[in-house]
Structures are given as structure tokens and as C-alpha cells.
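As a basis for the values below, the full set of heavy atoms in this structure was taken, side chains included, without hydrogen atoms, waters or symmetry mates.
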Amino acid sequence: MKKQVILDVDTGTDDAIAIMLAILGKEIDLLGITTVNGNLELALTTDNTLRVVEHCEAGEAVKVYSGCEYPLVSTLSPKSAQSLRPLPKRAGVKMPYAIHGDHLPLPETTLKKQDKNAIVWMIETVMQAEPQSISLVAVGPLSNVATAMRAEPDFAERLREIVIMGGGDRLSNASSAAEFNIWADPEAAEIVLQSGCEVTIIPLDATHDAQISEADLAKIKAIGNKYADFTYDVIMERIDAYADRKADRDAPRSAPVHDALALCYLLHPECITKKADVSCHVDISGGVAYGRTVIDDRQYMETSEPNCTFAYDADKEFFFDWMYNIIARAEES
Ligand code: RIB
Ligand code: CA
């Protein structure tokens with residue numbers, strides 16, 4: 001039986017690939033997509049999500065609901081705001097290649113988001129469903145998920161599982177210590193990690209293990225359908241952006257497609273080759289490590305009681321073959 005899935009996104013480029021693979025792969029019962037502020041402001045993450053849904057010819061079959069326009073608290077207090085670099089869009093520091101432009105390379109959408117707020121819809125959907133029947137894949141800041149948990153105390157225990165793209169053990173990106181999705185709303189992430197729900201974290205350690213290269217993109221481009229073209233355009237944009245960020249300028253040109261790996265894990269956990277049940281919590285103290293996922297693996301301490309599964313390594317070949325086969329099988333009208 002197909003898993004029933006809610007996808008929570010801040011559509012940007014890698015979210016877009018995850019959404020496309022979710023729709024085209026037909027491996028899940030996609031109940032709906034909820035959007036959140038993150039890579040871009042909410043209006044843009046919502047518009048980009050609608051553009052991908054329309055590109056995949058899903059139309060009204062896949063409904064989109066918009067949620068939190070801002071993080072829960074991380075931009076309120078001057079102290080923590082100081083440690084928060086302005087979200088990339090407002091940083092004013094334009095890299096030659098942005099990882100997430102305002103609009104995806106797709107036509108303007110004719111679709112409309114639903115009037116119902118994402119958090120209200122999430123709560124209604126989960127609470128009306130069979131207990132533990134719905135999986136949540138969250139690939140943006142966790143503002144929507146944490147708000148639903150705070151608003152409905154039974155929400156977390158009614159979920160089957162949550163797969164999060166976020167965090168990092170050895171790697172960071174948004175700051176010297178933190179990964180973007182967690183860094184953008186650290187308190188929300190900590191609420192989710194304390195919720196008691198079955199949480200799997202797909203962090204930068206795993207997503208950077210499964211980078212897509214230019215050679216991979218050439219194989220995808222050769223498929224020759226509109227989904228292959230979109231994938232090529234979006235991931236090449238990411239490869240250009242990552243080239244600006246690689247310490248080794250001679251490193252092979254490639255880029256992680258973070259959010260798609262989180263979806264792949266939900267359906268094919270074998271794509272993760274090393275994982276562990278650990279105690280993981282988020283630094284919300286507002287200092288230099290604000291938003292860092294901190295793992296306590298001191299087995300002799302009670303504080304190391306596991307609260308999530310943390311992925312360390314990924315099988316890049318498995319991940320690429322899964323992505324390639326979905327795109328190759330996809331039919332366009
Ligand atoms: O750090 C990577 C994550 O932050 C991805 O989900 C990307 O889309 C951004 O949201
Ligand atoms: Ca994302």
C-alpha cells in the first residue's frame with residue numbers, strides 16, 4: 001500500500017526536484033503540499049510550488065496550502081537576530097549564481113493555492129486520518145510542523161513518521177555551525193525533536209554524499225522529455241552556484257539535491273548506507289552556533305537517550321538511478 005504523504009516545502013530548486021519526483025514517481029499518495037518561508041519569502045515558495053505542480057500536469061489533484069510567513073521567534077529578539085544572517089534573499093550579497101532564484105525556470109502558473117491555511121489543513125488531515133497512517137516529509141524550515149504540534153497536542157503522536165531534510169554533524173551551510181532549514185527556525189526544529197514523533201534526519205552529511213554531477217545531468221538530459229529538461233536546468237543552476245562555494249576550485253562540478261534525497265529515503269531507506277539512533281537537539285541559545293544540530297552520543301549519559309535517526313552516508317548511485325528512472329518513465333501530454 002502506498003504511503004500517505006504530506007510534503008512541507010520552501011520551494012527553491014531542490015524542493016522542486018523533490019516535488020516533481022513525488023508526483024511523477026507515483027510511489028506515494030501525495031495528500032497535499034504545504035509551503036513555508038525559507039529559501040525565499042512565502043509568496044515565492046508558494047508560487048514556485050504551484051509552478052512545479054502545473055509542470056507535472058497534476059493540476060487540482062495536488063493541492064497546495066501556504067503556512068508560516070516567518071519563523072516562530074528567531075527573528076524577534078535582537079540578540080538571536082544578530083546571530084541570524086539575513087535570509088539569503090535579503091542578504092544583499094549576490095553570489096554570481098544564486099542557489100535559489102526568485103522564480104523557477106517554468107512558466108507563470110495558472111493554479112491557485114488553497115484558501116485554507118496550511119497548519120489548519122495539516123491538523124485536520126492528520127487528526128481525521130487513521131492514527132499513524134500519514135508520513136510527513138519536511139524539507140524547509142520546520143515552522144509549519146512545529147506550529148501544528150503546538151496547536152494540536154496529539155498531532156505528533158498521530159503521525160506515522162517525519163523525515164526531515166536538515167541539520168549536519170560534520171557539515172554546515174547557513175552559518176559556520178548550522179544548516180539552513182534548522183538555522184532559519186531553530187526553535188521550531190527543537191519542538192519537533194522533542195515531540196516524541198518518529199523523526200529521521202537527512203542532514204548535509206548524507207546529501208553531500210549523493211551529489212549529482214554534470215555527467216549525471218548529461219544522462220538525464222538525453223532522456224529528452226520536459227521533466228529531464230527542467231531537472232537539467234535546475235540542477236545545473238545549483239552546480240554553478242556550488243562551484244562558487246567549493247574550496248577546491250578543481251573539484252568535479254556537482255551539487256547536492258538535498259530535498260530529493262529525503263523523499264528517496266522515505267520510499268527506499270536503503271539509499272542511506274549509514275545511520276544511527278541518536279540524541280539530537282538544536283542550539284537555541286542565540287550564540288555563534290545558533291541553529292546547530294548537536295548529537296550527544298555519550299552512551300553513559302541519560303542525555304544521550306535517542307530521539308531520532310540521523311543519516312550519515314548515502315548511496316549516490318542508488319539515488320541517481322531512482323531519480324533517472326522516474327524521469328525516464330514519466331509521460332508528458
Ligand atoms: O540546507 C539545505 C536545505 O535548505 C534545503 O532544503 C534547501 O532547499 C534549503 O531549504
Ligand atoms: Ca528546501
Does a side-chain heavy-atom distance below 4.5 Å link [X] with [Y]?
X: T231; Y: I17; result: yes
X: H103; Y: L44; result: yes
X: Y70; Y: L76; result: no
X: P71; Y: N37; result: yes

- Message: Please tell me whether H55 and Y227 form a close aromatic pair, meaning their ring centres lie under 6.0 Å apart.
- Response: yes

Show which side-chain atoms of residues 326-333 pair as donor or acceptor with protein atoms under 3.5 Å away, not counting sequence neighbours.
unit_1 : atom_1 : unit_2 : atom_2 : d
E332   : OE2    : K226   : N      : 3.0
S333   : OG     : E57    : OE1    : 3.3
S333   : OG     : E57    : OE2    : 3.1

- Task: Flag yes if more than 12 heavy atoms outside Y232 fall under 6.0 Å of its OH atom; otherwise flag no.
- Result: no

- Message: Within a 6.0 Å radius of atom NZ on K221, are there more than 12 heavy atoms belonging to other residues, nucleotides or ligands?
- Response: yes

- Item | Donor-acceptor pair, side chain of K316 and main chain of Q211, under 3.5 angstrom | yes

- Query: For the side chain of N39 and the backbone of D10, is there at least one donor-acceptor N/O pair under 3.5 Å apart?
  - Reply: yes

- Where is the tightest heavy-atom contact between P269 and K275, given as atom of each residue plus distance? CB-NZ, 4.3 Å

Any luck finding a side-chain donor-acceptor pair between [X] and [Y] under 3.5 Å?
X: D216; Y: S213; value: yes
X: H268; Y: E27; value: yes
X: D8; Y: T34; value: yes

- Item | salt bridge (charged side-chain N to carboxylate O under 4.0 Å, His left out) evaluation trace for K113 with D47 | CA-CA 8 Å; K113 74 180 181 76; D47 176 70; over 6 Å; no

- Please determine if E161 and K3 form a salt bridge, counting it only when a charged side-chain N lies under 4.0 Å from a carboxylate O. yes

